[in-house]
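First up is the structure itself, then whatever we jot down about it.
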Amino acid sequence: MAIYINEPAHTFNEYLLIPGYSSAECRPENVSLKTPLVKFRKGQEEPAIEMSTPMVSAIMQSVSNDTMAIALAKAGGVSFIFGSQTIENEAAMVARVKAHKAGFVPSDSNLRPDSTLADVLALKERTGHSTVAVTDDGTANGKLVGIVSSRDYRISRMTPSDRVETFMTPLAKLVTAPEGTTLSEANDIIWDKKINSLPIVSADGRLVAFVFRKDYAEHKENPNELLDANKRYVVGAGINTRDYKERVPALVAAGADVLCIDSSEGFSEWQKLTLAWIRENYGDSVKVGAGNVVDREGFNVLAECGADFIKVGIGGGSICITRETKGIGRGQATAVIEVCQARDEYFKKTGIYIPVCSDGGIVYDHHITLALAMGADFVMLGRYFARFDESPTAKLLVGGTFVKEYWGEGSNRARNWQRYDLGGSGKLSFEEGVDSYVPYAGPLKENVEKTCLKIKSTMCNCGALSIPELQQKAKLTLVSATSIVEGGAHDVIRKDKGSEVR
């Protein structure tokens with residue numbers, strides 16, 4: 001006989017937080033949103049990756065590319081670049097994120113002295129970088145003989161055939177630093193000498209790397225930025241349970257810090273086999289999340305298989321129609337609560353803390369705070385990030401309103417059959433996602449800052465200065481349908497902002 005769970009499954013919108021005692025210290029500027037991304041032994045070690053902002057972007061074509069990954073890493077979160085593309089293209093996106101900012105940046109724009117102005121312009125068009133290293137052999141680690149920057153040439157007064165050696169800034173006039181110079185020392189040189197870039201040169205004169213003034217400025221503007229040990233942005237990447245033996249090595253080689261299995265339902269042998277292969281070939285050096293699950297059983301299976309974090313949620317995404325199409329899923333709040341209870345039980349038993357990611361069901365900013373209070377360590381968002389300038393989709397004007405395109409990985413447009421782990425043919429038999437628009441919302445930075453301020457403000461109302469403290473102190477109450485109506489504006493005639501007298 002089937003197992004019946006007679007209690008209804010609830011969504012975030014059916015809960016409210018009850019305020020707790022707020023001390024004088026409970027101010028947003030004192031709140032920390034630091035949270036672990038991957039498993040660790042709590043009390044004995046630090047997590048290998050800890051985020052400053054408890055938000056990651058969804059593994060979706062319409063959300064997470066290299067542009068999104070860079071912007072979100074600057075804000076303190078992690079983007080999981082979509083895996084429903086060729087292995088080569090995904091690895092290239094990862095590599096671009098890792099190369100974008102590294103403190104010490106390997107040169108990707110290099111020419112020989114006998115190259116021409118036409119070569120300089122073509123290289124700038126291809127890489128987008130205006131600083132070109134001139135080395136004896138045109139490689140990134142050849143002997144440095146000069147640099148070409150945009151101030152070294154004027155297209156209107158030169159010909160495309162002019163040789164680089166005739167207009168470059170030669171080595172004798174460059175400020176350089178020896179290999180072994182620290183990043184702090186390099187930045188001091190940049191400021192003292194009033195230069196924009198500093199070449200790091202080995203003892204035998206070979207170019208090692210560049211340090212750029214703009215990277216220092218960016219760091220000051222983005223104090224929460226998430227960097228690896230080499231001062232490069234942290235980036236995640238999606239994998240599937242079909243071609244992982246080829247995709248994982250390519251993504252690891254490209255520099256991916258963390259992987260995540262992209263699947264519509266993670267309580268399966270396919271994920272066990274994928275995790276087992278990664279552990280057999282890489283041990284614990286490759287960090288990989290798994291999911292999605294919605295109950296205790298699903299969590300425990302993936303935990304025992306070695307998942308570094310576990311995603312929760314089936315059918316709660318704004319473009320997901322899995323529940324409507326297949327009758328599979330669970331209310332997101334109920335799923336998060338049960339899985340987080342399982343996480344805590346697993347920690348007590350093993351001493352290993354496996355972070356939980358709430359994926360889906362977030363409609364309003366305060367739903368993020370509710371998910372965290374219910375035990376989630378961070379949330380994965382699709383629609384939220386799809387609205388921003390940095391998402392990979394087109395900005396369109398529809399009906400007088402600016403929007404961005406947004407489609408589900410379960411839609412025919414995505415053609416992402418690999419995430420449906422049922423061993424079928426390479427096509428979608430039916431859709432589990434829709435193709436849609438979302439209102440355009442501008443740049444990521446200011447929107448994430450506003451969302452984080454709301455989260456911190458609510459945490460202060462609960463008397464909590466950190467996410468673990470919120471989870472200990474939070475008091476949550478179910479609300480009735482009438483209470484939900486009462487929570488919004490009601491019984492008034494709202495002004496049309498466009499017609500207000502100014």
Side-chain angles (χ1 to χ4, degrees), residues 52 66 69-71 73-76 95-113 115 117 119-121 123-124 126-154 163-235 255 257 445:
S52 304
D66 48 321
I70 291 167
K74 287 180 181 178
R96 285 199 291 273
V97 177
K98 300 307 289 187
H100 184 79
K101 177 183 182 298
F104 294 98
V105 183
S107 179
D108 68 351
S109 299
N110 311 286
L111 292 173
R112 297 193 310 271
S115 300
L117 176 60
D119 295 323
V120 173
L121 299 176
L123 190 60
K124 183 179 179 181
R126 189 168 73 248
T127 66
H129 299 156
S130 58
T131 300
V132 177
V134 184
T135 59
D136 61 344
D137 58 4
T139 68
N141 299 116
K143 287 197 174 184
L144 184 66
V145 296
I147 285 178
V148 173
S149 66
S150 55
R151 67 184 179 184
D152 289 315
Y153 57 86
R154 292 183 67 180
R163 290 162 64 98
V164 165
E165 59 192 353
T166 64
F167 60 86
M168 70 181 185
T169 302
L171 178 61
K173 294 185 178 181
L174 293 176
V175 177
T176 65
E179 189 174 14
T181 301
T182 67
L183 186 59
S184 177
E185 291 169 342
N187 281 320
D188 286 342
I189 294 170
I190 285 172
W191 285 96
D192 290 343
K193 300 296 184 180
K194 299 180 180 179
I195 54 178
N196 291 321
S197 62
L198 177 69
I200 307 298
V201 182
S202 66
D204 61 354
R206 293 187 175 278
L207 178 63
V208 176
F210 278 102
V211 178
F212 293 99
R213 174 189 288 262
K214 67 179 179 64
D215 288 345
Y216 178 83
E218 280 189 8
H219 173 68
K220 292 302 180 183
E221 292 173 5
N222 301 288
N224 291 324
E225 65 182 357
L226 194 59
L227 305 175
D228 66 15
N230 296 312
K231 306 295 184 183
R232 302 176 300 179
Y233 287 129
V234 171
V235 60
D257 298 277
K445 186 179 189 311

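Start at 1 with the first residue, then count along the sequence. Quick caveat, the model's predicted, so the values are computed rather than measured.
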Got [X] and [Y] here, is their nearest side-chain heavy-atom distance under 4.5 Å?
X	Y	answer
Val164	Asp119	no
Asn222	Lys445	yes
Leu226	Tyr233	no

Do you know which two heavy atoms are closest between [X] and [Y], and how far apart they sit?
X	Y	value
Ala186	Val211	CB-CG2, 3.9 Å
Pro113	Asp136	CD-O, 4.3 Å
Val97	Ala69	CG2-CB, 3.7 Å
Ser52	Asn224	OG-O, 3.2 Å
Pro178	Ile200	O-CG2, 3.8 Å
Leu207	Ala133	CD2-CB, 3.6 Å

Could you tell me the separation between the [atom1] atom of [X] and the [atom2] atom of [Y], rounded to the nearest 0.5 Å?
X	Y	atom1	atom2	answer
Arg96	Ile70	CZ	CD1	8.5 Å
Lys74	Glu221	NZ	CD	8.5 Å
Arg112	Glu165	CZ	CD	11.0 Å
Asp108	His100	CG	NE2	11.5 Å
Lys143	Ser202	NZ	OG	8.5 Å
Phe210	Leu144	CZ	CG	6.5 Å

Does the pair Val145 and Val134 meet the rule for a side-chain contact (heavy atoms from CB on, under 4.5 Å), with working shown? CA-CA 6 Å; Val145 296; Val134 184; 3.5 Å; yes
Between the side chain of [X] and the main-chain N/O of [Y], is any donor-acceptor distance below 3.5 Å?
X	Y	value
Arg213	Ile195	yes
Asp228	Asn230	yes
Thr181	Glu185	no

Show your working on side-chain contact (heavy atoms from CB on, under 4.5 Å) between Phe104 and Val208 and close with a plain yes or no. CA-CA 9 Å; Phe104 294 98; Val208 176; over 6 Å; no
Verdict with supporting geometry, Leu174 and Ile147, side-chain contact (heavy atoms from CB on, under 4.5 Å): CA-CA 8 Å; Leu174 293 176; Ile147 285 178; 3.9 Å; yes
Please determine whether side-chain contact (heavy atoms from CB on, under 4.5 Å) holds for the pair Thr176 and Leu171, giving the CA-CA distance in whole Å, both sets of side-chain angles, and the decisive distance to 0.1 Å. CA-CA 9 Å; Thr176 65; Leu171 178 61; 4.1 Å; yes
Electrostatic pair Lys98:Asp257 at N-O distance under 4.0 angstrom: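 Asp257 and Lys98: salt-bridged.
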Within the 3.5 Å criterion, strictly below it, is a donor on Thr127 or Ser109 matched to an acceptor on the partner's side chain?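 Yes, Ser109 and Thr127 have a side-chain donor paired with an acceptor closer than 3.5 Å.
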Chi angles and distances behind the side chain to side chain donor-acceptor pair (under 3.5 Å) call for Thr169, Asp152: CA-CA 7 Å; Thr169 302; Asp152 289 315; 2.9 Å; yes
